[in-house]
Amino acid sequence: MFGAAIAYGLSRAGVDTLMLDGHDNNLRAARGNFGLVWVQSKGKGLQRYADWSRESACLWSGFAEELTDITGVSIAHRNDGGMMLLLGDEEVEKRKLEIAEMSKQSGATGYDCEIITHADIQAYFPDIKLGKAVTGASFCPHDGDVNPLKLLRAMHSGFVNSGGRYKSRCTVNTIDHANGVFTANTQEGQFLAPKIVLAAGHGISQLAESVGIDAPIRPQRGQVLITERIQQVLPMPLNSVRQTDEGGFQFGNSEEDIGFDDGTSLDVVQNIALRAVQSFPQLSTVRLVRNWGCVRVLTPDKCAIYEESISHPGAYVATSHSGVTLAAINARLVSKWIATGEQPTDFNHFSASRFHVQAT
Amino acid sequence: MFRRHDKLSQAKGDNVTIYFEDVPIICKPTDSVAAAVLLSDPGYTRRTPVTKAPRAPYCMMGTCFECLMDINGVENQQACMVPVRDGMKVRRQNGVPILPGDSKEPGND
Amino acid sequence: MTEPADLIVIGAGPAGLAAASLASKHNLSVLLLDEQAAPGGQIYRNIEHNITHESETCAILGAEYAYGAALAETCRASDVTYTPGATVWRIDPDGSVAYSVNGAAHTAKGRRIILATGALERPVPIPGWTLPGVMTAGAAQTLLKASAMLPSGRVVVAGTGPLAMLVTLQLIDAGADIAALLETTRKRDYFSNAMLLPGAMAGQDYLRRGMAMRRAIRASGVPIYGGVTELEARGDGQVSSVRGRSGGERLTFEIDTLLVHDGVVPNIQATRQVGCEHEWYEPQRYWRPVRDSWGTTSIDTITVAGDGAGISGARAAEYLGQLAALDAACRLDKISMADRDSAARPIRSAMQPHTAIRPLLDGVFTPSFTTPHGDDTIVCRCEEVTAGEIRTAVAQGVMGPNQIKSFTRCGMGPCQGRNCGLTVAELIADVQGVPVSDVGYFRLRPPIKPVTLGELAAMDLSETDS
C-alpha cells in the first residue's frame with residue numbers, strides 16, 4: 001500500500017519511477033488490509049501522527065476522485081464518519097478514558113471523537129438491528145473506508161498510466177551504494193537510481209540497515225473474516241466490522257503476537273464471530289466464506305516511520321501498518337518530499353530516532 | 001429440463017411435495033431440492049449478483065454453487081445438498097440475498 | 001473433552017469407505033465424515049437406495065456401479081462411526097477437524113486423518129457455458145443415480161474422456177434423445193498412444209471396451225463427431241443450440257441440454273487448505289498432493305487416498321484406501337511394519353491393472369478446454385470475470401493467481417476457485433510464456449465450505465483438545 005501510493009504520486013509528478021515487487025505468495029500485507037480510513041484510534045503518544053492521520057483523511061476524497069477519473073476504477077470511498085462499537089459498560093468506560101487522554105494530548109487541535117448511545121447508533125443503521133449487548137460507540141466524523149483491493153489496483157493502474165514501470169517477482173535482496181547511485185540487486189538483475197524508497201513492509205529492516213536507516217518493525221497478526229454477499233445494510237464502517245461495496249461483511253481486529261504466521265485459528269475466529277452476532281444478531285445465519293490471517297507491519301509505537309538516510313542521502317524509508325489511511329497523504333506529500341526534498345511540517349517526528357530517546 | 005425415467009416414474013415409497021415459486025412439485029424422498037427444481041421449466045435456480053444472469057445447476061455435487069436458492073426463507077443454500085422435505089417452500093435467489101431476519105423487531109438476541 | 005479418534009476419514013466414496021472399514025478391522029477407532037446423506041461418494045451415489053429399490057437404474061448404470069454396494073455394506077457393518085450430512089470446513093495439521101451437521105458446528109480430533117475427497121470435473125470454459133441447460137456429464141449421471149432422472153429434451157454430449165462416452169450410452173439406454181456425441185479428443189491421440197505401452201494388457205482390453213461403446217452408440221443412431229473444435233453454447237436465458245467444427249464441417253445442433261466433459265481432476269480444496277505440498281501432473285494438467293507410496297502427504301498426520309490423490313478411478317481408489325488404512329494401523333502401532341507390507345502386497349497386485357492403464361488414458365484423453373480462446377468467455381462463473389479481463393491484468397504485470405484474485409475478484413466467489421483455478425493458471429502461463437507449474441494456484445483458506453457466523457459463535461471448542 002505504501003509503495004504503490006508513493007510510486008503513484010511520484011509518477012504523477014513526472015518522476016521516472018521503477019517499482020520492484022516481490023512474489024505472488026509473499027506475505028503482502030496490502031492484500032490483507034481491512035480498508036479503513038481511520039483517525040480515531042491513531043497517534044496515542046505521538047500527536048503529530050494523530051494529526052498526520054487526520055490530514056490524510058481530509059485529503060482522501062480528492063485523492064479518491066482523482067484515482068477514479070484517471071483509471072476508471074471506482075474504489076468505493078466513504079467519508080461520513082465511523083464508529084468503534086462498545087459492548088458492555090466496561091468497554092464504554094475504558095473508551096471514555098482514552099478519549100479524555102487523547103483530548104488532553106491534542107490540546108488546541110482537539111480530538112473529534114465522542115461517545116454515542118445505543119439509540120444514536122441504531123438511528124444510523126435503520127436496516128439492521130443492533131444487538132442489546134451494544135452499550136455505545138465512539139464516533140469520529142473523519143473516519144471512513146474504501147475498497148482496499150480496488151484502491152491497490154487503481155494506484156497500480158494510475159502509476160503505470162503515468163509512465164511508471166512495474167516489475168514483479170523482483171525481490172530486492174541487497175542494495176549497494178557508490179558515487180551517489182544506489183544499485184538494487186534482484187534475481188532478475190540490477191537496477192540503478194540516484195534515489196531509492198524502501199516501502200517493502202516486512203522486507204524492510206535489513207535493507208534499511210544497509211543504507212544507514214533504522215527501521216524497527218515487528219509482525220503482528222490480525223485475522224479477518226468475510227461473509228457471502230448481502231444487500232447493503234451498513235452505511236458506515238465500524239472499527240472491526242464493515243460491509244464492503246460488494247456486499248460481504250468483513251470482521252476483524254484481532255491482535256496476535258505470533259511472528260510471521262499468516263494462518264488462522266478457530267479460537268480467534270470464534271471470538272470474532274461471537275462479537276459479530278452480539279453486535280448484529282441478524283448476522284447469525286449469514287455464512288463465512290473466507291478467513292485469513294494478515295501480518296501487520298508494526299513499528300514500536302504503532303505510528304509511521306518516514307526517514308531519509310543521513311549516511312546515504314537519497315535512500316528513504318516509509319512504513320506503517322495504516323497503508324490505506326495514509327495512502328492519500330503518501331501519494332501527495334510524501335512523494336513530494338522524496339521528489340523535491342520539501343518536508344511536511346514537523347516531519348522529523350517520524351524519524352526512527354524517536355525510539356532511541358533516552359529516558360530523562 | 002429433466003424428467004423421471006419412464007420405468008421409474010411410479011414413485012415407490014412416500015411422495016414428497018415441495019413448492020417451487022408456489023407451484024407444487026411431486027418428488028421422491030431421495031431427491032435433492034435442485035433435482036426437484038430441474039423437473040420444472042424453466043429450471044433455473046438463481047440470478048447472479050453481478051449481472052442478474054440466470055443460472056441453473058451445473059455440477060450436481062456441491063462444487064459449482066450455481067444452485068444457491070431460498071429454501072424456507074433461508075437464502076444462499078446449495079439446493080443440490082439439501083434433501084426435499086414435505087411442504088418445503090423453494091424460491092429462486094435473485095441477485096444478492098437480503099439480510100435475514102427482522103431488522104425492526106425489538107427484544108431478545 | 002472427547003478422546004481423539006485414532007483415525008478421521010473424510011469422504012465416503014470408494015477410498016473413504018474402504019479405508020474406514022479396513023482401519024476399523026485393525027482395531028482403530030474411526031470417524032467417517034461425509035457431506036452426502038448416504039455413502040458412495042459420486043461414483044456410487046445413492047447406491048444403497050438403488051440396489052434395493054431401483055433395479056432399472058442399476059441395470060442402466062451397469063455392474064461397475066452395483067459393485068459399490070458391497071463397499072457401503074462392509075462399512076455399515078463395521079464399528080466405524082459414520083456421520084453423513086457432515087460438511088467439513090476446516091482441517092488442521094494436528095488432526096483437528098471442524099465440520100457442520102444439521103446447522104451446528106462441531107470439532108473432532110484424530111491422531112491421523114485420511115482425506116478421500118475425490119475428484120471434480122475439470123472446468124469447461126467455452127462460450128455460453130454458464131447458460132442454464134449446460135451441465136457436466138457427471139451431473140447428468142448423478143441425476144440418473146440420485147433421482148432416476150434424465151434430460152427431457154434434445155441432448156448433445158461434448159468433450160473428451162471416458163465419462164463422456166459412458167454417460168452418452170447410459171442416457172441412450174435410459175431413453176434420452178441424444179442428437180450427437182461431439183468428441184474433442186484429438187484423433188492422433190488415439191492412435192499414437194494405443195501403441196504406447198508394452199505390457200499394458202489391460203490397456204488393450206480397455207480400448208476394446210471403448211471401441212465397443214462407440215459401436216453401440218452409433219448403432220443406436222447417434223452420430224459421433226471426432227476432432228471437434230470451436231465448441232460454443234448459444235441461447236437466450238437458456239441453452240438452445242451448440243456449435244462446433246469437425247474436420248472442415250461446421251456443426252450446429254438445436255438442443256435443450258448440453259452435457260460437457262473434459263475429464264476429472266483431483267479435488268484439492270482440503271489438501272490445500274490444510275497446507276499440503278502439491279505437484280503438477282503435466283499429462284492431465286492438474287495439481288495433486290505430493291505423497292509417498294502409502295498416500296502420506298507432506299504433512300505427516302495426513303494421508304490422501306483415491307482420486308483426490310491423483311485420478312486413478314474407482315477400483316484403484318478402493319485399494320488406495322486400503323493401503324492408507326494399513327499404513328495408519330502400522331503408524332498407530334496396531335500392526336508391525338512387516339505385517340503391513342505383507343498385507344499390502346496382494347492389494348498392490350490387485351490395483352496394478354487399474355493403474356497400468358492410466359498413462360494410456362491420460363495420453364489419449366488430454367484436456368481440450370484449458371485456455372479459452374475468446375476474450376468474452378467467462379472464466380470465473382461466480383464473479384463473472386472474463387478471459388479478456390484476466391489476460392489484460394496479466395499483460396499489465398499481474399504476476400500470479402492470487403494477485404489476479406485481488407485485482408479482478410476472480411476466485412473470490414462461493415466456489416473459491418473450484419471452477420476457475422486451473423483456467424486462471426493456464427491463462428497466466430499462456431500470456432507470460434511460462435510453464436503452468438511455475439504459476440501456482442490460489443491460496444486456499446478455510447472454511448472449505450461456507451459456515452454460518454452463528455454456528456461459529458456457538459461452537460464448543462472444548463470438544464477437542466486445542
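Just so it is clear, the model here is predicted, and its values are computed rather than measured.
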Close side-chain approach of [X] to [Y], heavy-atom, < 4.5 Å:
X: A:V269; Y: C:L456; answer: yes
X: A:I226; Y: C:M412; answer: no
X: A:V289; Y: C:P414; answer: no
X: C:R409; Y: A:K150; answer: no

Report task. Could you tell me which of A:V160, A:T264, A:L274 has the largest number of non-hydrogen atom pairs under 4.5 Å with chain C? Result -> A:T264
Query raised in the report: Checking salt bridge (charged side-chain N to carboxylate O under 4.0 Å, His left out) for the pair A:D262/C:R445: CA distance, chi angles, key distance, verdict?
Result: CA-CA 11 Å; A:D262 67 353; C:R445 298 287 208 158; 3.7 Å; yes
Requested in this report: State whether a side-chain donor-acceptor pair under 3.5 Å links C:S406 with A:R153.
Outcome: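 The criterion, which ignores hydrogens and geometry beyond distance, is not satisfied for A:R153 and C:S406.
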**Report entry** Region of C:Q273 in contact with chain A, defined by heavy-atom distances below 4.5 Å
**Finding:** neither
Report summary line: Taking a cut-off of under 4.5 angstrom between non-hydrogen atoms, the residues of residues 238-246 of chain A near chain C are A:E246
Requested in this report: Side chain from CB out, backbone as N, CA, C, O: work out which of these in A:R229 comes under 4.5 Å of a heavy atom of chain C, or both, or neither.
Outcome: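 Looking at A:R229, just its side chain touches chain C.
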Query raised in the report: Looking at C:A457, C:A458, C:G440, which has the largest count of heavy-atom pairs under 4.5 Å with chain A?
Result: C:A457
Report summary line: Of the listed C:P447, C:G454, C:P450, the one with the largest count of heavy-atom pairs under 4.5 Å with chain A is C:P447
Report task. Answer yes or no: are there more than 12 heavy-atom neighbours, outside C:D376 itself, under 6.0 Å from its atom CG? Result -> no
Query raised in the report: Which heavy atom in C:L453 sits nearest to a heavy atom in A:F251, and how many Å separate them?
Result: CD1-CE1, 3.7 Å
Query raised in the report: Where do A:T285 and C:T452 come nearest, in terms of heavy atoms and distance?
Result: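 Taking every non-hydrogen atom into account, O-CG2, 3.8 Å.
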**Report entry** Qualifying residues under side chain to side chain donor-acceptor pair (under 3.5 Å), relative to C:T117, sequence neighbours excluded
**Finding:** none
